[in-house]
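Have a look at the structure below, then the notes.
Sequence lines set the chain letters: A, B, ... in the order given, protein chains first and strands last, and positions in each chain run from 1.
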Protein chains: 2
Amino acid sequence: MNKPVTIHDIARMANVSSATVSRVLSNSSYPVSKELKEKIQRIAKESNYIPNLLGKQLKMNSSMTIAVIIPSIINPFYSSVLFGVEEVARQHNFTVITCNSLQDPALEDEYIRTLVEKQVKGLIISSISKDKRLLKSLLDRGLHVIAIDQKIEGEGISQIEFDYHKGGAMATRHLQAKGHRQIGYVTSKIDRPSRRSICQGYLEAMQSAGLEPMVEESPADEVYNAVYEFDSGKRLAGKLMDRPNPPTAIFACNDMMAFGVINELSRRELQVPQDISVVGFDGIDVGQMIHPPLTSIKQPDYEMGKMACKMLMDMMDDAGPMFDIVLQPKLLERKSVRDITGD
Amino acid sequence: MNKPVTIHDIARMANVSSATVSRVLSNSSYPVSKELKEKIQRIAKESNYIPNLLGKQLKMNSSMTIAVIIPSIINPFYSSVLFGVEEVARQHNFTVITCNSLQDPALEDEYIRTLVEKQVKGLIISSISKDKRLLKSLLDRGLHVIAIDQKIEGEGISQIEFDYHKGGAMATRHLQAKGHRQIGYVTSKIDRPSRRSICQGYLEAMQSAGLEPMVEESPADEVYNAVYEFDSGKRLAGKLMDRPNPPTAIFACNDMMAFGVINELSRRELQVPQDISVVGFDGIDVGQMIHPPLTSIKQPDYEMGKMACKMLMDMMDDAGPMFDIVLQPKLLERKSVRDITGD
DNA sequence: TTGTATGCGTTATCAT
DNA sequence: ATGATAACGCATACAA
């Protein structure tokens with residue numbers, strides 16, 4: 001294994017000082033004579049010079065790296081977010097470290113610590129931890145934080161929120177507008193603000209229409225896993241249908257769960273949407289690939305990632321005022337809801 | 001923004017040398033008296049000391065960072081791989097940089113260069129580029145490479161392959177065993193070894209059974225995107241069914257495409273599997289969530305990620321001999337294939 | 001325009 | 001057991 005060539009090696013080969021080499025190879029605006037510049041560039045190329053960014057970064061105190069902490073990359077929603085983040089990061093010559101917190105606050109904190117040690121100055125996080133003290137204590141160390149998906153209260157952290165409450169209400173009202181009055185809601189364990197908001201949106205929409213809510217909540221949520229969500233969708237839909245007065249429509253807190261609901265219904269030989277309607281939440285792409293195509297509330301995942309990264313870049317450039325963004329839900333009307341107003 | 005405290009600051013506060021501080025805080029085995037050790041640890045804690053790993057890494061010439069280059073994190077197969085990688089990386093206190101090459105060789109090379117500049121010593125790559133010279137030239141700079149999914153010929157790069165050929169044959173034979181004789185194959189543009197192998201597995205299985213192959217290939221593949229695959233699945237299935245002698249079973253080169261096939265068939269009021277059978281490839285989780293659950297060839301994605309990262313860690317530790325791994329396909333028999341042997 | 005010298009924060013070698 | 005000092009590779013203030 002050859003040892004790498006440094007600017008000093010090149011300086012020696014070109015009979016110049018390493019300062020001059022640095023000026024040339026770092027594209028500094030500092031004036032260097034044309035002939036020396038060309039000579040140095042030629043030698044650098046011939047010797048296959050590769051700069052060691054650790055040296056530069058140590059000197060400049062900037063690692064040109066940002067990080068994303070999300071519950072799990074397996075979740076298509078988060079992989080779309082990450083995809084958006086990575087796209088704009090690349091445009092700014094930044095590199096992205098991905099961290100799966102697995103819904104584990106301790107792991108989340110461990111990651112944050114490591115990232116700061118690695119001199120990551122920008123972080124996009126969907127935080128699961130209750131205790132945000134660690135994160136906040138790092139703000140005055142030059143860490144810039146954007147909270148996505150899960151809000152972080154307090155100063156100095158920009159938010160890209162999604163109006164979960166409105167989304168929950170929107171889905172429920174859509175069902176109501178289609179003539180449904182018995183509308184069930186199935187949800188993963190309500191252990192986070194986002195889930196609480198969706199549920200409250202549902203509850204308020206039911207209440208203001210004078211309807212009786214029917215909620216089934218999954219008991220635990222240790223494993224963050226698509227199949228797990230699917231299975232609890234099945235189980236909870238079963239519970240709902242076993243009630244004395246079963247719903248004519250079911251609203252699920254995410255699309256995976258909605259898939260489970262549909263699956264359980266079809267196992268019971270109930271057709272969607274003929275016999276019962278289903279609405280999901282997230283609007284992931286596969287939703288349009290199943291049968292019937294799933295009506296859902298779209299959360300702009302990819303766009304959220306792009307916006308988050310743009311904001312982060314602006315923050316790190318100290319450009320302009322800080323602000324939060326609240327993304328609005330959108331109804332993706334597909335084929336899983338039946339209009340029963342005529343019945 | 002406070003300036004960060006360094007070991008020198010702590011040394012001053014503790015009236016010791018920075019060497020001693022370093023010994024304590026880096027958990028060196030070098031002997032330091034108990035009282036000094038405790039004192040330094042106390043002061044470090046009180047002053048909220050956070051080590052700057054850039055300094056350490058520059059000195060040690062190791063960045064404790066690996067990278068993964070994949071076509072797109074949007075693809076559930078690759079997000080599972082990444083999930084596996086990240087899991088074992090974390091266990092080794094490594095951090096993972098994610099790069100989406102978007103099937104663009106130029107972008108892939110750009111990433112590789114940047115990563116090497118960042119002193120990343122380990123790379124797991126599903127390479128799309130034809131020209132592997134850049135990659136190989138970096139091997140003797142201490143870069144360790146594991147090729148997944150797409151083989152890279154040559155020395156010094158370990159492979160974690162998947163037996164695509166066998167997988168293609170396995171799916172085809174399964175269909176044959178269920179009595180199908182007109183079996184169509186739909187595939188994305190055959191522009192990579194993996195896709196070629198699957199197709200050849202299909203062709204050989206057809207040939208050795210004395211059957212006529214029916215292949216539909218998607219013309220282009222610029223955009224790597226689930227919805228795009230879905231749409232070409234629909235289109236190609238349509239072409240197949242419009243033939244004078246349409247198939248009784250369709251095999252698709254990936255699950256997304258199989259979803260498209262099923263969708264197009266159901267649009268034509270053909271039931272799967274009653275009227276026509278479908279087999280996918282990849283075995284992604286959502287395959288079991290659709291109706292009917294998709295029979296598919298399982299590629300062990302998550303396990304592949306874990307193995308790749310383990311191998312990489314061993315390589316970087318210089319532990320043991322180098323070897324390649326060929327993962328074997330597995331038939332995931334679900335509900336999208338009908339047995340017509342009795343008909 | 002070029003060179004000299006210093007420091008970024010850390011570890012490690014060599015004295016003491 | 002502890003300290004002084006020299007790297008690691010780079011950028012830059014200052015000198016020439």
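Contacts of B:Ser22 with the nucleic acid, taken as non-hydrogen atoms under 4.0 Å apart, include base atoms. Using a 4.0 Å heavy-atom criterion, one finds that A:Asp9 contacts no nucleic acid atom at all. At a threshold of 4.0 angstrom between heavy atoms, the contacts of B:Ser26 are confined to the sugar-phosphate backbone, with no base atom among them. A:Lys59 comes within contact range of at least one nucleobase, with a heavy-atom separation under 4.0 Å. Within the 4.0 angstrom heavy-atom criterion, only backbone atoms of the sugar-phosphate kind lie near A:Leu36; the bases stay farther away.
Side-chain contact check for A:Thr65 and B:Lys118: at least one donor-acceptor pair (N or O, by modelled atom type) lies under 3.5 Å.
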Practice prompt. Check the pair B:Ile152, B:Leu135 against side-chain contact (heavy atoms from CB on, under 4.5 Å), reporting the backbone distance first and the verdict last.
Written response: CA-CA 10 Å; B:Ile152 297 179; B:Leu135 206 50; 3.6 Å; yes
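Note: CG (B:Leu25) to P (C:dT10) measures 9 Å, nearest angstrom. Between A:His8 atom NE2 and D:dC10 atom P the separation is 8 Å, expressed in whole Å. Atom CD1 in A:Ile40 sits about 13 Å away from atom P in D:dA11, given to the nearest Å. In this structure, A:Glu117 places its CD atom 16 Å from C1' of C:dT11, rounding to the nearest Å. Remark: P of C:dC8 and CG of B:Leu58 are 14 Å apart, rounded to the nearest angstrom. Summarising the geometry, the separation between CD1 on A:Ile10 and C1' on D:dC10 is reported as 12 Å, rounded to the nearest angstrom. Here the P atom of nucleotide D:dT12 and the CD atom of A:Gln57 are 14 Å apart, to the nearest Å. A:Arg141 has its CZ atom 12 Å from the P atom of C:dG9, to the nearest Å.
Contact annotation: the side chain of B:Ile50 approaches that of A:Leu138 to within less than 4.5 Å [non-hydrogen atoms, C-beta and beyond].
Comparing atom distances between the B:Tyr30 side chain and each of C:dT4, D:dT2, D:dG9 picks out D:dT2 as nearest. Checking C:dT4, D:dA4, C:dT10 against the side-chain heavy atoms of A:Ala19 singles out C:dT4 as nearest.
Positionally, the nearest nucleotide of DNA chain D for B:Val32 lies more toward the 5' end than for the other of B:Val32 and A:Val21. In terms of position on DNA chain C, the residue among B:Arg23 and B:Tyr49 whose nearest nucleotide sits closer to the 5' end is B:Tyr49.
Residue B:Ser33 places at least one side-chain N or O closer than 4.0 Å to OP1 or OP2 of D:dT2. Proximity of B:Thr6 to the phosphate of C:dG9: no side-chain N or O atom is located under 4.0 Å from OP1 or OP2. Residue A:Thr20 places at least one side-chain N or O under 4.0 Å from the OP1 or OP2 atom of C:dG3.
A salt bridge links A:Glu46 with A:Arg42: the closest approach of a Lys/Arg side-chain nitrogen to an acidic carboxylate oxygen falls below 4.0 angstrom.
Checked by atom type and distance alone, the side chain of B:Glu35 never pairs as donor or acceptor with a backbone atom of B:Ser33 at under 3.5 Å.
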